[in-house]
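Structure first, then comments.
Every chain is numbered from 1 and lettered A, B, ... according to where its sequence line falls, protein lines coming before strand lines. In this text the structure is predicted, and so the values were computed from the model without any measurement.
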2 protein chains.
Amino acid sequence: MKDDIFDFCRNMSDEQDARARQMLERAAAKWPLRVLHVLSEADGPLRFSRVLERVEDISQKVLTQTLRTLESDGLVIRTLYPQVPPRVEYELTPLGRELLTQVVSLWRWIVIHLNEFDTSKSAARN
Amino acid sequence: MKDDIFDFCRNMSDEQDARARQMLERAAAKWPLRVLHVLSEADGPLRFSRVLERVEDISQKVLTQTLRTLESDGLVIRTLYPQVPPRVEYELTPLGRELLTQVVSLWRWIVIHLNEFDTSKSAARN
DNA sequence: CAGTATCCAGGGGGATACTG
DNA sequence: CAGTATCCCCCTGGATACTG
């Protein structure tokens, strides 16, 4: 028998597997990753507008969606200050910060090996 | 100044950054990941049909696309034996195997922390 | 300010049929 | 066997307008 690098998943239900896969995809996706990054760079909580400014080219709708998802995944805290006009602040949870750290290590590996991808004899372009 | 966990990207061009991001998204995406996994489990090269069988619910078209992308990214080797009927075999490159290893470590982290996502006070407790 | 609501265009992926 | 070629649907995400 070959050893399976996914062996530690043996005891997982299909639901758990799907959930883990979902988290992996979300964490690696464009907007969530950039939002997490922006939040991690900030010294403290950021208002919605600040995030909107700092995540280049994101639309308001998508930012809202992204933040909602991150919040429900426990990666981001949303704090509403009931004022007029309202003030809403976002910040990373410890879990969000940890996850970002994990993704960054994968990111770092990719960056280091960047020149090994596609440059080979295959049909790299496009 | 805050320390930026992406500091090691400072010297990267926009193109390199985009390429790295693309590789990250691809590596975490559903089909590429499952194809890499199937290939890593096999003892040797796998024929197209075998991969099609083992990657559950993937369509032929998407499998072809996925394999082509993986090949052009240098993660998979495609070997054509000019016979009738043709025989085509796929196997991981060392780079592909390494990348999968990296993704798996992120995957493992996610699995370990699975119960910390969303179960918290945000969604579950109404 | 921080959203929600609505409309709309483009791409990804499924199903099917055909071929060297 | 290992693909291509088509058609089609759905979903994502952009743009815009409106509101508590």
To the nearest Å, give me how far apart CG (B/Leu46) and C1' (D/dA2) are.
-> 15 Å
State whether A/Tyr90 places a side-chain N or O below 4.0 Å from either non-bridging phosphate oxygen (OP1 or OP2) of C/dG3.
-> yes
Is there side-chain contact between B/Ile5 and A/Ser40, with heavy atoms separated by less than 4.5 Å?
-> yes
For B/Arg34, what residues pass the salt bridge (charged side-chain N to carboxylate O under 4.0 Å, His left out) criterion, not counting sequence neighbours?
-> none
Min side-chain heavy-atom separation A/Tyr90-A/Val35 under 4.5 Å = no
Just how large is the angle between the end axes of the helix from C/dC1-D/dG20 to C/dG20-D/dC1, five pairs per end, to 10 degrees?
-> 50°
Check whether any side-chain nitrogen or oxygen of B/Arg68 sits under 4.0 Å from OP1 or OP2 of D/dG3, and answer yes or no.
-> yes
For the side chain of B/Arg50, starting at C-beta, report the closest nucleotide among D/dC1, C/dC1, D/dG3.
-> D/dC1
Partner set under salt bridge (charged side-chain N to carboxylate O under 4.0 Å, His left out) for B/Glu98, not counting sequence neighbours | none
When rounded to whole Å, the CG to C1' distance for the pair A/Leu52 and C/dA2 reads 10 Å
Please give, in whole Å, the distance from D/dG3 C1' to B/Glu89 CD?
-> 16 Å
Please collect all side chain to side chain donor-acceptor pair (under 3.5 Å) contacts where either partner lies in residues 100-113 of chain A, sequence neighbours excluded, each pair once.
-> A/Trp109-A/His113, A/His113-A/Glu116
Let me have a per-nucleotide readout for nucleotides 5-20 of chain D, 5' to 3', with B, S or -, counting only protein heavy atoms under 4.0 Å.
-> -B------BBB----B
Side-chain heavy atoms of B/Met23 within contact of B/Leu75, under 4.5 Å | yes
Would you say C/dA2 has OP1 or OP2 under 4.0 Å from some side-chain N or O of A/Arg47?
-> yes
Taking atom CG of A/Leu33 and atom CG of A/Leu70, what is their separation to the nearest 0.5 Å?
-> 10.0 Å
How many Å lie between CG on B/Leu63 and C1' on C/dA15, as a whole number?
-> 16 Å
Kindly state each residue pair satisfying ring-ring contact (aromatic ring centres under 6.0 Å, His included) with at least one member in residues 49-85 of chain B, sequence neighbours excluded.
-> none
With a non-hydrogen cut-off below 4.0 angstrom, is B/Tyr81 in contact with a base, only sugar-phosphate, or nothing?
-> nothing
CZ of A/Arg87 versus P of C/dA2: gap in Å, rounded?
-> 9 Å
Are B/Gln22 and B/Arg19 close enough, and set up right, to give a side-chain hydrogen bond (donor to acceptor under 3.5 Å, both in side chains), and what steps lead you there?
-> CA-CA 5 Å; B/Gln22 182 183 51; B/Arg19 178 66 175 135; 2.7 Å; yes
Distance in angstrom units between A/Leu67 CG and C/dC1 P, rounded | 16 Å
